[in-house]
Novice: 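Just dropping this structure here.
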Amino acid sequence: MEIREVFAQNLRALRQAKGLSQEELAHEAGIDRTYISALERNVYNASIDVVDRLAQVLGVDAAELLKRPSAEMKESKSDFDF
């Protein structure tokens, strides 16, 4: 899974877990709602500044938005086992 896909999935999951609509998240982060939608659909790349603003609103470290699912981490780690 590409990092943009990881970001898109994490953004949607964290937003929903916080009980925020796209519009509420966008307003609190100072971003247009259509941009949030596009990020969650993996249409656009987010700048590091946007990642930071979204993380702050969601109450997580920016790294959480880029964290790969643990099952994928185990798969990719085993690819490098020698």
Side-chain angles (χ1 to χ4, degrees):
M1 180 182 311
E2 291 186 21
I3 195 66
R4 279 179 32 183
E5 293 173 286
V6 169
F7 174 76
Q9 288 181 2
N10 289 343
L11 177 60
R12 176 173 283 143
L14 288 166
R15 176 183 60 76
Q16 291 175 340
K18 269 299 235 198
L20 295 171
S21 67
Q22 289 180 344
E23 189 168 343
E24 291 166 327
L25 176 59
H27 177 72
E28 290 186 40
I31 298 168
D32 191 84
R33 188 213 50 87
T34 59
Y35 187 59
I36 297 291
S37 174
L39 290 174
E40 288 186 358
R41 290 181 290 117
N42 192 22
V43 173
Y44 293 137
N45 292 323
S47 72
I48 195 73
D49 293 326
V50 168
V51 172
D52 186 54
R53 284 193 295 186
L54 291 169
Q56 286 178 19
V57 171
L58 294 168
V60 298
D61 289 329
E64 285 298 311
L65 287 167
L66 302 173
K67 189 174 182 181
R68 294 182 187 278
S70 59
E72 184 176 343
M73 289 294 286
K74 290 177 185 172
E75 280 181 23
S76 63
K77 185 177 179 183
S78 65
D79 290 346
F80 295 104
D81 290 345
F82 296 108

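When reading the values below, keep in mind they use all heavy atoms of this one structure, side chains included, and skip hydrogens, waters and symmetry mates. Note that the structure is a prediction, hence the values are computed from the model and not measured. For reference, positions follow the sequence shown, starting with 1.
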Novice: Indicate the atoms forming the closest heavy-atom contact of Arg4 with Val43, along with that distance.
Specialist: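 So the minimum-distance heavy-atom pair works out to NH2-O, 3.7 Å.
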
Novice: Is there a side-chain contact (heavy atoms from CB on, under 4.5 Å) between Asn10 and Glu64 once you walk through the steps?
Specialist: CA-CA 8 Å; Asn10 289 343; Glu64 285 298 311; over 6 Å; no

Novice: Side-chain donor-acceptor pairs under 3.5 Å in residues 16-23, sequence neighbours left out?
Specialist:
residue : atom : partner : partner atom : Å
Ser21   : OG   : Glu23   : N            : 3.4
Ser21   : OG   : Glu24   : N            : 3.0
Ser21   : OG   : Glu24   : OE1          : 3.4
Gln22   : OE1  : Arg33   : NH1          : 3.3
Gln22   : NE2  : Glu40   : OE1          : 2.8

Novice: Which donor-acceptor pairs under 3.5 Å do side chains of residues 49-58 form with protein atoms, sequence neighbours excluded?
Specialist:
residue : atom : partner : partner atom : Å
Asp52   : OD2  : Gln56   : NE2          : 2.9

Novice: Measuring from atom CZ of Arg15 to atom CD1 of Ile36, what distance do you get when rounded to the nearest 0.5 angstrom?
Specialist: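 Reported value, rounded in 0.5 Å steps: 8.5 Å.
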
Novice: Work out which heavy atom in Tyr35 is nearest to a heavy atom in Ala46; give both atom names and the distance.
Specialist: OH-CA, 3.6 Å

Novice: Evaluate Arg12 against Leu39 for side-chain contact (heavy atoms from CB on, under 4.5 Å), listing each step before the verdict.
Specialist: CA-CA 9 Å; Arg12 176 173 283 143; Leu39 290 174; over 6 Å; no

Novice: With a 3.5 Å distance limit and no angle check, can you tell me whether Asp61 reaches the backbone of Ala63 through a side-chain donor-acceptor pair?
Specialist: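 Such a contact is absent between Asp61 side chain and Ala63 backbone.
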
Novice: How long is the gap from CG on Leu65 to NZ on Lys67, to the nearest 0.5 Å?
Specialist: 12.0 Å

Novice: When clusters are formed by joining ILVMFWY residues with side-chain heavy atoms under 4.5 Å apart, either directly or through shared neighbours, do Ile48 and Leu11 land in the same one?
Specialist: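 Hydrophobic grouping puts Ile48 apart from Leu11.
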
